[in-house]
There are 2 protein chains.
Amino acid sequence: MSKDNLPGLTLCNNAALRRAARKLGKFYDDMVEPSGLKATQQGLLYQIHIGDEPAMGAIAASLIMDLSALGHTLKPLIRDGYVETFADPEDRRVKRVRLTPQGLAKLEAAMKLWQIAQQRFEDVVGRDKAEKLRAALDDIAALDFDLPPATP
Amino acid sequence: MSKDNLPGLTLCNNAALRRAARKLGKFYDDMVEPSGLKATQQGLLYQIHIGDEPAMGAIAASLIMDLSALGHTLKPLIRDGYVETFADPEDRRVKRVRLTPQGLAKLEAAMKLWQIAQQRFEDVVGRDKAEKLRAALDDIAALDFDLPPATP
DNA sequence: CACCATTAGTGGCATATGCCACTAATTCAA
DNA sequence: TTGAATTAGTGGCATATGCCACTAATGGTG
């Protein structure tokens with residue numbers, strides 16, 4: 001393939017996904033910013049909130065993220081007093097996570113901003129299209145690439 | 001909204017996008033890994049390759065990424081000798097980027113692996129669906145959130 | 001009960017990204 | 001031409017994520 005007439009980067013599913021993620025991430029970040037949280041943090045607090053004092057492993061699995069990455073991401077939230085952890089009495093290897101009252105208040109503030117962002121996004125792309133997009137993204141998240149074509 | 005019957009995190013477009021990006025990123029990373037590059041680096045080298053000694057700002061704009069972030073991302077590639085930069089003689093503020101011969105060789109190796117990943121992805125989700133997905137992601141990347149509904 | 005394999009997290013190291021303040025080079029206007 | 005405004009990058013700091021090696025706590029098993 002000569003250097004001319006090369007396909008634009010848009011051809012790579014992964015590159016397209018990252019690019020869109022940067023764009024949308026910045027949008028949600030900007031919208032949620034007045035709360036003092038990043039969109040990722042708001043999402044993480046929410047995930048903790050909807051769980052029943054979830055274990056770190058459970059959160060990581062839900063978010064499809066590395067356990068250690070979750071640990072890192074949690075640190076500023078713990079430092080700022082929004083989240084606290086405690087060992088599961090049944091299995092002391094397990095560390096459970098919960099919001100502090102300040103964390104809950106912060107989340108509620110952030111969620112109000114998030115809703116505006118979410119609404120604006122859906123206004124711009126269309127509710128239906130947004131829903132289809134999320135479904136497609138969830139499909140990707142659920143994919144199993146192990147044995148590509150043949151699954152006997 | 002009581003803590004029960006809360007919508008799953010899947011409702012957030014941004015969260016869904018990041019989650020899918022983590023998943024797909026890991027897949028492409030794993031596939032491209034034998035080349036010694038991360039999928040993001042392969043994508044960046046490719047972007048540089050298809051450009052005509054692009055300026056940093058041009059690359060950042062194409063990838064919709066912060067200029068300083070691009071600078072950071074470029075460092076390991078420069079350190080490893082895959083990329084080199086030089087001041088534009090016309091405008092010495094501008095720094096242009098090009099692949100070194102080693103960088104080109106590395107890119108070619110990575111592209112072979114990338115193609116396998118890309119092919120496998122399309123085998124799993126379907127070529128047509130993949131194409132629609134990329135189109136949707138490109139739409140997002142091209143969105144303008146400034147004035148949400150009304151654009152006189 | 002003692003030992004080994006498994007499971008859950010941690011810490012260190014590295015890349016990915018962004019923001020902000022600051023510098024250098026240009027452009028533009030008085 | 002000179003000084004203000006703009007443009008392109010850099011460096012420092014902070015979060016986002018991953019991998020790997022290592023530790024602690026469990027769960028079998030003989």
Side-chain angles (χ1 to χ4, degrees), chain A residues 14-15 17-30 32-33 36-45 47 54-61 63-80 82-83 85-97, chain B residues 14-15 17-30 32-33 36-45 47 54-61 63-80 82-83 85-97:
Chain A
N14 187 45
L17 194 47
R18 296 189 77 87
R19 205 161 71 117
R22 283 191 292 266
K23 172 86 172 200
L24 201 58
K26 177 159 174 51
F27 172 63
Y28 275 80
D29 269 354
D30 287 347
V32 173
E33 188 275 333
L37 293 178
K38 311 295 233 47
T40 47
Q41 299 181 317
Q42 175 259 326
L44 179 50
L45 290 188
Q47 185 66 28
M56 288 188 57
I59 299 172
L63 299 180
I64 311 185
M65 79 186 309
D66 188 87
L67 177 56
S68 75
L70 173 62
H72 300 320
T73 304
L74 232 29
K75 274 186 183 151
L77 295 171
I78 294 172
R79 177 201 60 201
D80 296 340
Y82 301 144
V83 159
T85 60
F86 59 100
D88 183 323
E90 308 291 303
D91 183 341
R92 278 173 304 173
R93 286 173 304 180
V94 173
K95 188 194 271 190
R96 293 186 175 281
V97 186
Chain B
N14 187 43
L17 194 48
R18 296 190 76 86
R19 206 161 68 118
R22 283 191 292 269
K23 172 84 172 201
L24 201 58
K26 177 160 174 49
F27 172 62
Y28 276 81
D29 269 352
D30 287 348
V32 173
E33 188 275 332
L37 293 178
K38 310 295 234 47
T40 46
Q41 299 181 317
Q42 174 259 325
L44 178 51
L45 291 189
Q47 185 67 27
M56 288 189 56
I59 300 172
L63 298 180
I64 310 184
M65 79 186 309
D66 188 87
L67 177 57
S68 75
L70 173 62
H72 300 323
T73 305
L74 231 31
K75 275 187 182 150
L77 295 171
I78 294 171
R79 177 201 60 201
D80 295 341
Y82 300 143
V83 159
T85 62
F86 59 101
D88 183 322
E90 307 292 304
D91 183 342
R92 278 173 306 174
R93 285 173 303 180
V94 173
K95 189 194 272 191
R96 294 187 174 280
V97 186

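What you see below is based on every heavy atom in this structure, not just the backbone, and it leaves out hydrogens, waters and symmetry mates. In what follows, every chain begins at residue 1, and chains take the letters A, B, ... in the order their sequences are listed.
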Measure [atom1]/[X] against [atom2]/[N] and give the value in whole Å, please.
{"X": "Met65(B)", "N": "dC19(C)", "atom1": "CE", "atom2": "C1'", "answer": "14 Å"}
{"X": "Leu74(B)", "N": "dA8(D)", "atom1": "CG", "atom2": "C1'", "answer": "14 Å"}
{"X": "Ile78(A)", "N": "dG11(C)", "atom1": "CD1", "atom2": "P", "answer": "10 Å"}
{"X": "Asn14(A)", "N": "dT17(D)", "atom1": "CG", "atom2": "C1'", "answer": "14 Å"}
{"X": "Met56(A)", "N": "dT17(D)", "atom1": "CE", "atom2": "P", "answer": "14 Å"}
{"X": "Phe27(B)", "N": "dG18(D)", "atom1": "CZ", "atom2": "C1'", "answer": "17 Å"}
{"X": "Gln41(B)", "N": "dT17(C)", "atom1": "CD", "atom2": "C1'", "answer": "14 Å"}
{"X": "Leu67(B)", "N": "dG12(D)", "atom1": "CG", "atom2": "P", "answer": "16 Å"}

Which residue lies more 5' along DNA chain C, comparing Asp66(A) with Arg18(A) via nearest heavy atoms: Asp66(A)
Nearest heavy atom decides the nucleotide; on that basis, is Ser68(B) or Asp88(B) closer to the 5' end of DNA chain C?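 Taking each residue's closest nucleotide, the earlier one in sequence belongs to Ser68(B).
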Check every strand shown and say whether Asp91(B) touches a base, only sugar-phosphate, or nothing at a heavy-atom separation below 4.0 Å.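 Since only primed, P, OP1 and OP2 atoms lie under 4.0 Å of Asp91(B), the category is sugar-phosphate.
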Would you indicate what Arg96(B) reaches in the nucleic acid, counting non-hydrogen atoms under 4.0 angstrom: base, sugar-phosphate, or nothing? nothing
Pairwise 5' ranking along DNA chain D for Thr73(A) and Arg93(A), keeping only the more 5' one: Thr73(A)
Residue closer to the 5' end of DNA chain D, Lys26(B) versus Lys38(A) (nearest nucleotide): Lys38(A)
Between [X] and [N], is there a contact of a side-chain N or O with OP1 or OP2 at under 4.0 Å?
{"X": "Arg92(A)", "N": "dA24(D)", "answer": "no"}
{"X": "Arg19(A)", "N": "dA16(C)", "answer": "no"}
{"X": "Lys75(B)", "N": "dA14(C)", "answer": "no"}

Does [X] reach the side chain of [Y], with side-chain heavy atoms less than 4.5 Å apart?
{"X": "Ile78(A)", "Y": "Val97(A)", "value": "no"}
{"X": "Pro54(B)", "Y": "Gln47(B)", "value": "no"}
{"X": "Thr40(A)", "Y": "Thr73(A)", "value": "no"}
{"X": "Leu24(A)", "Y": "Arg18(B)", "value": "no"}
{"X": "Asp29(A)", "Y": "Glu33(A)", "value": "no"}

I'd like to know if His72(A) reaches the base of dG11(C) with its side chain, counting only an N/O donor and acceptor under 3.5 Å.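 Check fails, no donor-acceptor contact within cut-off.
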Nucleotide nearest Arg22(B) (side chain, heavy atoms from C-beta), chosen from dG9(D), dT17(D), dT17(C):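 Among the listed nucleotides, the one closest to the side chain of Arg22(B) is dT17(D).
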